[in-house]
Protein chains: 2
Amino acid sequence: MVSMKDIALACNVSVATVSKALNNHKDIGEETKVRIRETAKEMGYFPNSSARALRTNRSYNIGVLFVDEAQSGLTHDYFASVLDSFKVTVEKHGYDLTFINCNKDNKNRMSYLEHSRYRGLEGVIIACVPFDDPEVLELVKSDLPVVTIDHLFDNRMAVMSDNVKGISDLLHYIYDQGHRKIAYIHGQNTSVTRNRLVSFYRTAEELSLIIPDEYVVEGKYREVKHTQLVTNQVLDLPDPPTCIIFPDDLSAVGGMNAINARGLNIPQDISIVGYDGISIASRIEPKLTTIRQDTKSMGRRAAEKLISLIEKPKSTLIEHVVIEGKLIEGKSVSKR
Amino acid sequence: MVSMKDIALACNVSVATVSKALNNHKDIGEETKVRIRETAKEMGYFPNSSARALRTNRSYNIGVLFVDEAQSGLTHDYFASVLDSFKVTVEKHGYDLTFINCNKDNKNRMSYLEHSRYRGLEGVIIACVPFDDPEVLELVKSDLPVVTIDHLFDNRMAVMSDNVKGISDLLHYIYDQGHRKIAYIHGQNTSVTRNRLVSFYRTAEELSLIIPDEYVVEGKYREVKHTQLVTNQVLDLPDPPTCIIFPDDLSAVGGMNAINARGLNIPQDISIVGYDGISIASRIEPKLTTIRQDTKSMGRRAAEKLISLIEKPKSTLIEHVVIEGKLIEGKSVSKR
DNA sequence: TAAAGATACGAAAACGATTAAGTAATAAAA
DNA sequence: TTTTATTACTTAATCGTTTTCGTATCTTTA
């Protein structure tokens with residue numbers, strides 16, 4: 001590896017001069033700068049990030065904390081898409097992305113915070129984790145810049161999908177199609193779910209809809225089997241709904257199967273909607289009516305906010321960015 | 001941040017002693033070691049990876065090169081799953097994962113190799129990229145340990161899904177169900193596709209199947225729209241097939257839609273199969289018959305091989321690891 | 001013409017760790 | 001008892017940068 005020393009030698013200047021030339025300091029003569037830069041390029045020089053980080057205490061490295069049942073949130077369409085957009089944006093600003101080790105069964109492992117310090121990470125994006133995990137809390141309480149996705153912590157930057165508007169839009173749409181008996185199979189008890197539920201009931205009230213308790217049941221996100229069970233349970237009611245809201249697109253597909261298995265047709269016999277707007281929604285038949293979350297904006301905004309927090313901590317306002325989704329009209333809701 | 005200096009001061013020893021104690025060198029007294037370790041823990045010490053990397057030239061950091069239409073391969077189910085398993089395994093061995101910046105439109109950007117050197121990456125996993133990209137070739141030709149997924153380079157470690165056996169199993173299965181008129185909508189011209197095609201024709205010959213040229217057409221991986229087009233083209237043939245093999249599960253869903261739109265039923269009127277075995281395959285109705293690629297093994301083996309290459313370059317055999325997939329029998333192929 | 005300022009560079013310390021080489025002090029061998 | 005090993009440390013150099021503080025040379029200004 002060619003270092004500044006080599007360039008200094010080749011150019012007959014000191015290492016300090018090389019450093020300053022490459023960093024465009026103003027106390028180096030113009031022709032010297034040019035000469036040094038050219039030699040650097042010729043010799044194939046690239047800085048050593050470790051040395052630089054050691055000296056400047058800046059790693060230009062951002063941590064990613066994604067955990068799900070499969071250890072990382074990578075196979076989770078929605079979060080993978082947010083991460084993707086996040087990655088593109090931080091890279092534009094010269095940062096790299098490193099995974100925070102979340103392999104809890106390792107010997108000698110560090111906590112998330114310890115790991116972040118070890119790698120000199122300048123900030124962390126947290127998504128798709130159990131937010132009550134003590135290690136997550138340790139991270140959130142630290143002085144490290146942090147942005148969370150779809151979860152609110154006091155005094156911490158967060159980027160949220162607008163679940164309130166999402167559910168409201170969905171319910172309004174279903175109502176406008178003429179439905180009055182609407183069930184909601186919601187996900188497990190998380191802040192996202194709670195927000196959606198609140199919005200669901202509030203919107204129902206606005207619309208003067210009567211929602212029997214049996215119409216609102218807990219399902220599981222992204223679980224086909226369990227969703228089929230719950231769907232059947234709802235359909236077995238003496239007075240079944242004419243439309244079901246599922247926790248997400250994937251479980252909606254599960255619901256679809258349960259419905260088809262009963263010989264019912266979507267949307268003639270029963271209407272359904274999903275949530276997320278992942279690719280599968282538009283690929284199945286009938287196309288699923290759903291809320292497409294704006295993962296691209298979410299990732300970008302999260303990145304911008306985090307970088308701002310890193311680079312100008314004083315002047316950056318801690319806020320909760322809420323990103324609206326968009327209703328995607330498929331063919332899964334009938335007009336009544 | 002507390003450094004070795006602080007611990008040395010607190011323990012009344014030199015920094016060197018601290019370092020050796022923490023790294024368990026044998027020339028430090030047992031009680032001194034214990035004392036130092038305890039103080040380190042109490043003071044909340046964690047090593048500084050930059051300093052260590054600078055000095056030892058070992059970063060314990062591995063690069064990930066994943067590119068797809070959405071900039072990274074993250075939203076690609078199959079590859080995300082491989083990466084996930086890869087990540088778990090490298091973390092078990094104390095390595096971290098950093099993305100290689102693949103934002104081609106950045107000013108001042110480095111090539112993949114330059115970026116790897118800059119970050120001191122010790123090895124790279126390459127997947128889901130255009131393998132004829134000059135930058136990829138530069139990386140592959142370098143002295144950096146590299147493992148590729150689903151692509152072969154001379155003298156380079158590769159982990160491949162067994163596409164030959166996969167297609168063969170699939171064709172045998174379809175044949176055993178009584179089908180004789182089998183079409184193959186294959187993906188774009190890549191090495192994976194070529195392998196599958198060779199296997200398709202060879203197996204057809206084994207089975208004495210006659211495959212008219214019109215039955216083998218180029219589709220696109222993971223493209224719903226285009227697949228629908230091609231599917232219709234095949235179904236419009238004067239003598240249409242009774243079963244269609246699609247390039248992957250996602251495009252199979254596209255094909256399904258085209259078939260349904262014609263008023264045909266799967267599998268009564270026409271049978272179909274996919275490839276990949278991603279989650280959607282088992283969630284749609286009818287369940288898709290497909291080849292589930294063993295992404296978990298692929299990721300794990302890729303990690304083990306790469307680490308072996310890093311830690312004992314001399315004794316590590318460069319080889320092409322081939323991982324078998326498994327036929328998943330759904331309900332999308334009828335018995336004739 | 002002397003003092004002050006500007007310009008262009010260099011010397012050296014520092015970041016936090018690792019490690020080869022050296023050195024006391026003690027134990028074992030001659 | 002002297003020599004040699006062994007043990008348990010320390011010293012100091014080093015990795016590749018950045019940055020503060022000098023300093024020599026040249027240009028202005030009084």
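So that the names make sense, note that chain A is the first sequence line, chain B the second, and so on, each numbered from 1.
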(request) Note down the inter-axis angle between the two ends of the helix from C/dT1-D/dA30 to C/dA30-D/dT1, five pairs each, to the nearest 10°. (result) 60°

(message) Could you tell me how far apart A/Ile36 (CD1) and D/dT18 (P) are, to the nearest whole angstrom?
(response) 13 Å

(message) Using whole Å, what does the distance between atom C1' of nucleotide C/dA17 and atom CE of B/Met1 come to?
(response) 14 Å

(request) Run the salt-bridge test on A/Arg35 and A/Glu31 with the 4.0 Å N-O cut-off and return the result as yes or no. (result) no

(request) Send over the distance from A/Arg52 CZ to C/dA14 C1', rounded to a whole Å. (result) 17 Å

(request) Rounded off to whole Å, could you give me the CZ-to-P distance for the B/Phe46 and C/dC15 pair? (result) 22 Å

(request) Give a yes or no on whether the backbone of A/Pro47 and the side-chain of A/Arg52 come within a donor-acceptor separation of less than 3.5 Å. (result) no

(message) Please determine whether a side-chain nitrogen of the Lys or Arg among B/Arg109 and A/Glu91 lies less than 4.0 Å from a carboxylate oxygen of the Asp or Glu.
(response) no

(request) May I ask you to verify if any side-chain N or O of A/Arg55 is less than 4.0 angstrom from the OP1 or OP2 atom of D/dG16? (result) no

(request) Round to a whole Å and report the spacing from CG of A/Leu54 to C1' of C/dA14. (result) 9 Å

(request) Measure the distance from NE2 on B/His25 to C1' on C/dA21 and round it to the nearest whole Å. (result) 15 Å

(message) Can you see if the side chain of A/Asn23 gets near the phosphate of D/dT18 - specifically, an N or O under 4.0 Å from OP1 or OP2?
(response) yes

(request) Would you please confirm or rule out a distance under 4.0 Å between OP1 or OP2 of C/dG16 and any side-chain N or O of A/Tyr118? (result) no

(request) Starting at OG1 of B/Thr17, measure out to CG of B/Leu22 and round the result to the nearest 0.5 Å. (result) 10.5 Å

(message) Using modelled atom types and a 3.5 Å cut-off, is there a donor and acceptor pairing between side-chain atoms of A/Ser116 and backbone atoms of A/Leu121?
(response) no

(message) Measuring from atom NE2 of B/His115 to atom CZ of B/Arg119, what distance do you get when rounded to the nearest 0.5 angstrom?
(response) 5.5 Å

(request) Output yes when a side-chain donor or acceptor of B/Arg301 lies under 3.5 Å from a complementary backbone atom of B/Val159, and no otherwise. (result) no

(request) Would you tell me if any nitrogen or oxygen in the side chain of A/Thr56 comes within less than 4.0 Å of OP1 or OP2 on D/dT18? (result) no

(message) Strictly under 4.0 angstrom, non-hydrogen atoms only: write out the protein contact profile of nucleotides 5-12 of chain C, one letter per nucleotide from the 5' end, B, S or -.
(response) ---BBBBB

(message) Could you tell me how far apart B/Met4 (CE) and C/dA17 (C1') are, to the nearest whole angstrom?
(response) 6 Å

(message) Whole angstroms only, please: what is the CG-C1' distance between A/Leu22 and D/dT17?
(response) 11 Å

(request) Can you sort out the partners of A/Glu138 under side-chain hydrogen bond (donor to acceptor under 3.5 Å, both in side chains), two or more places apart, ordered by chain and number? (result) A/Ser111

(message) Using only atom types and a distance under 3.5 Å, with no angle test, would you say the side chain of A/Asp133 pairs donor to acceptor with the backbone of A/Glu135?
(response) yes

(request) Indicate, with a heavy-atom threshold strictly under 4.0 Å, whether B/Ser3 touches base, sugar-phosphate, or nothing. (result) sugar-phosphate

